J.: 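Below is a structure I'd like to ask you about.
All heavy atoms count here, side chains included; hydrogens, waters and symmetry mates do not. First the proteins, then the strands, lettered A, B, ... as listed; each starts at 1. Small disclaimer: the values here were computed from a predicted structure and weren't measured.
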Amino acid sequence: MATFSFAWLSVPAEEAARRLLGCELVRKLNGRTIRVRIVETEAYDQADEASHTFRGKTKRNSTMFGSAGHLYVYFTYGMHYCCNVVCGKEGQGAGVLIRAVEPLEGIDIIEQNRGLSGKNATNGPGKVCQALGIDRTQDGHDLSQPPIMLIKKSLRKDEKVVTAKRIGISKAVHELRRFYIADNPYVSKR
DNA sequence: GACAAGATTTGCT
DNA sequence: GCAAATCTTGTCG
């Protein structure tokens, strides 16, 4: 389907990061369904010194140079996966890191995958991937197709987006490119 | 062909 | 609060 289902993601990374807040991610795993809500994101684009795409296209980040609505998964620190939603226009090299989610359905599966329960199971980039069973074989996946789908949702009226400094990186840390839903208990703290 | 660093998490001092 | 665990990719010689 060469539709523009993800036209709403074909915008600058910062805008896409805001729009992704509150959206749901549906993951089919072993015949079960896991449904979560995105509560924290972080924007990356090619002009960002801390981005993988800063020095141009490589074999690893080629997914981020694809079209919006795809999944970019990378492996880091020898033990963790992080997942991003590609955004912007094709060839732009922009994406949004999913930093934290709120479990809505299939919580028992999440707890089983993580070996933990409560908010500690999904309040971090590496945790989200482990909880949803995402690894680098999902890199480049089309988020309009199973087993992982992205569903656009709006925030509730009483919820507001907070813009904050980035964390966990060593370059351009002062940039205000991290977004999260105010007062949501599943947001990573630090 | 070899070396250094990394969008993190967890456990111990 | 700090340091280790662990391996892939990118950069440099």
J.: Compare the minimum distances between each of B:dA7, B:dT10, C:dG10 and the side chain of A:Arg99, then state the nucleotide with the smallest one.
T.: B:dA7
J.: Please state how far atom OH in A:Tyr44 lies from atom P in B:dG6, giving the value in whole angstrom units.
T.: 12 Å
J.: Taking A:Ser51 for the side chain and A:Asp48 for the main chain, is one N or O donor matched with an acceptor at less than 3.5 Å?
T.: no
J.: For B:dT10, does either OP1 or OP2 sit under 4.0 Å from a side-chain N or O belonging to A:Arg114?
T.: yes
J.: Kindly indicate whether the side chain of A:Tyr74 and the base of B:dA7 share any N or O donor-acceptor pair separated by less than 3.5 Å?
T.: yes
J.: Consider the side chain of A:Arg60, meaning its heavy atoms from C-beta on, and name the nucleotide among B:dA7, B:dT9, C:dT9 that approaches it most closely.
T.: C:dT9
J.: The side chain of A:Phe75 is closest to which nucleotide in this list: C:dT6, C:dT8, B:dA7?
T.: C:dT8
J.: CG of A:Leu20 versus C1' of B:dA7: gap in Å, rounded?
T.: 16 Å
J.: Of the nucleotides C:dT6, B:dA7, C:dG10, which one has an atom closest to the side chain of A:Thr58?
T.: C:dG10
J.: For a quick check under 3.5 Å, do A:Tyr44 and A:His52 share a side-chain donor-acceptor pair by atom type?
T.: no
J.: Picking from B:dT10, B:dG6, B:dA7, which would you name as closest to the side chain of A:Thr76?
T.: B:dG6
J.: B:dG6 C1' sits how many Å from A:Asn61 CG, rounded?
T.: 14 Å
J.: Decide, yes or no, whether a salt bridge links A:Arg177 with A:Glu14 under the criterion of side-chain N to carboxylate O below 4.0 Å.
T.: yes
J.: Provide, to the nearest angstrom, the distance between the CD atom belonging to A:Glu175 and the C1' atom belonging to B:dA7.
T.: 14 Å
J.: Do A:Asn61 and A:Thr53 get their side chains close enough for a donor-acceptor pair, meaning under 3.5 Å?
T.: no
J.: Are A:Glu42 and A:Arg99 within salt-bridge range, i.e. N to O under 4.0 Å?
T.: yes
J.: Contacts to DNA chain C from residues 120-137 of chain A, heavy-atom cutoff under 4.0 Å, which residues?
T.: none
J.: Can you tell me the distance, in whole Å, between the OH atom of A:Tyr81 and the C1' atom of C:dT6?
T.: 12 Å
J.: Any chance you could encode DNA chain C as dot-bracket? Rule is Watson-Crick or G-U wobble with both distances under 3.5 Å; [ ] for pairs crossing earlier ones, | for another strand.
T.: |||||.||||||.
J.: Is there a donor in the side chain of A:Glu102 and an acceptor in the side chain of A:Asn184, or the other way round, less than 3.5 Å apart?
T.: yes
J.: Looking at A:Ser170, I'd like to know whether one of its side-chain N or O atoms comes within less than 4.0 Å of OP1 or OP2 on B:dG6.
T.: yes
J.: If we require ring centres under 5.5 Å and near-parallel planes under 30°, does A:Tyr77 stack on C:dA5?
T.: no
J.: Under the side-chain hydrogen bond (donor to acceptor under 3.5 Å, both in side chains) test, which residues partner A:Thr33, sequence neighbours left out?
T.: A:Lys28
J.: So what does A:Arg55 touch, heavy atoms closer than 4.0 Å: a base, only the sugar-phosphate, or nothing?
T.: sugar-phosphate
J.: Identify which one of A:Val128, A:Val73, A:Leu132 satisfies the side-chain contact (heavy atoms from CB on, under 4.5 Å) criterion when paired with A:Tyr81.
T.: A:Val73
J.: Just the rounded figure in Å: distance from C1' of B:dA7 to CD of A:Glu40.
T.: 12 Å
J.: Using a 3.5 Å distance criterion without hydrogens, assess whether the side chain of A:Glu40 forms a donor-acceptor pair with backbone atoms of A:Ser188.
T.: yes
J.: If you compare every side-chain N and O of A:His52 against the phosphate oxygens of C:dT9 (OP1, OP2), does one of them come in below 4.0 Å?
T.: no
J.: For A:Glu49 and C:dG10, give me the distance from atom CD to atom P, rounded to whole Å.
T.: 17 Å
J.: Nearest whole Å is fine: how far is B:dG6 C1' from A:Met79 CE?
T.: 12 Å
J.: Any salt bridge between A:Asp108 and A:Arg32, counting N to O under 4.0 Å?
T.: yes
J.: Using a heavy-atom cut-off of 4.0 Å across all strands, would you classify A:Leu97 as base, sugar-phosphate, or nothing?
T.: base
